[in-house]
Amino acid sequence: SPDNVVALNNLAWVYNEVGDSQAENFGRRAYELAPDNPNVVDTLAAILLSQGDLQECIELRRKAVLLTSGQPEYQYRLASALAAAGEQGEAKSILNSILAEDADFKGRAEADRALSGSDGCQRHPWCHRLSPRIRHRAGCGSFARRAVRTAGYARPDRDGQAGRDC
């Protein structure tokens, strides 16, 4: 069905994973149908992040955090987007808050490393999670050894490698 939110959202996610430009169309259609579904909001935010639209991505990430009553995984994704936009102070504040809660969530290990600066480069600990275009916009010329796909942001570089050394 053309109005099946779950199908549209899943198509958007898959198309984004393979770099297909149709991802945004499917994501926006799912969002039109279910603007208060945190999974739909999160998928569209991930698509926009991978395309370099950091401002709208951050707005949607904030909305997803509100819709989920601040679930740590969604806060972590917001922190990643904020860091990509150069908002390191707010990103670190969010990470400190969610890590202090001792909650177990997908991405906790990456959040620990990002906060300590031990994963990724020292200036931009989240750089390994972003596509090359976003890393460039964030002003970071260094890359991590591997691309962590936990939240679906990173893709292999054009040569098929997961990333370059920091």
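No hydrogens, no waters, no symmetry mates; every other heavy atom, side chains included, goes into these values. Given the structure is predicted, the values throughout are model-derived calculations rather than measurements.
At distances below 3.5 Å, at least one donor-acceptor pair connects side-chain atoms of Thr43 with backbone N or O atoms of Asn39. Remark: the backbone N or O of Lys92 is paired with a side-chain donor or acceptor of Asn96 at under 3.5 angstrom.
Taking each heavy atom of Leu49 and Cys57 in turn, the nearest pair found is CB-SG, 3.6 Å. Minimum interatomic distance between Pro38 and Thr68 (heavy atoms only, all atoms of both residues): CB-CG2, 3.4 Å. For Ile47 against Gly27, the heavy-atom pair with the smallest separation is CD1-CA, 4.3 Å. Taking both residues in full, the closest heavy atoms of Leu95 and Ala111 are given as CD2-CB, 3.7 Å, listed atom of the first, atom of the second, then distance. Contact record, Pro35 with Val41: O-CG2, 3.4 Å, taken as the closest heavy-atom pair. Scanning all heavy atoms of the two residues, the minimum distance from Ala83 to Gln88 falls at O-NE2, 3.2 Å.
Taking CD from Glu87 and OG from Ser93, the interatomic distance works out to 12.0 Å, rounded to the nearest 0.5 Å. Between the OH atom of Tyr74 and the CD1 atom of Ile98 there is a distance of 13.5 Å, given to the nearest 0.5 Å. The distance from atom CZ of Arg77 to atom CG of Leu60, rounded to the nearest 0.5 Å, is 13.0 Å. Atom CZ of residue Phe26 and atom OH of residue Tyr15 lie 5.0 Å apart, to the nearest 0.5 angstrom. Taking CG of Leu48 as the reference point, atom CG of Leu44 lies at 4.5 Å (rounded to 0.5 Å). One distance of note links CG of Asp36 with NZ of Lys63; it measures 5.0 Å at 0.5 Å rounding.
One hydrophobic cluster, built from ILVMFWY side chains closer than 4.5 Å, holds both Leu8 and Tyr31.
Residues passing the side-chain contact (heavy atoms from CB on, under 4.5 Å) test with Leu66, sequence neighbours excluded: none. Contacts of Ile58 classified as side-chain contact (heavy atoms from CB on, under 4.5 Å), with partners at least two apart in sequence or in another chain: Arg62, Leu78, Ala81, Leu82, Ala85. Every residue two or more places apart in sequence or in another chain that forms a side-chain hydrogen bond (donor to acceptor under 3.5 Å, both in side chains) with Glu56 is listed here: Arg28.
Using a 4.5 Å cut-off on side-chain heavy atoms (C-beta onward), Arg108 and Leu99 make contact. Contact check for Asp3 versus Arg29: side-chain heavy atoms found under the 4.5 Å cut-off. Annotation: side chain of Asp42 is in contact with side chain of Arg61 (closest heavy-atom distance under 4.5 Å).
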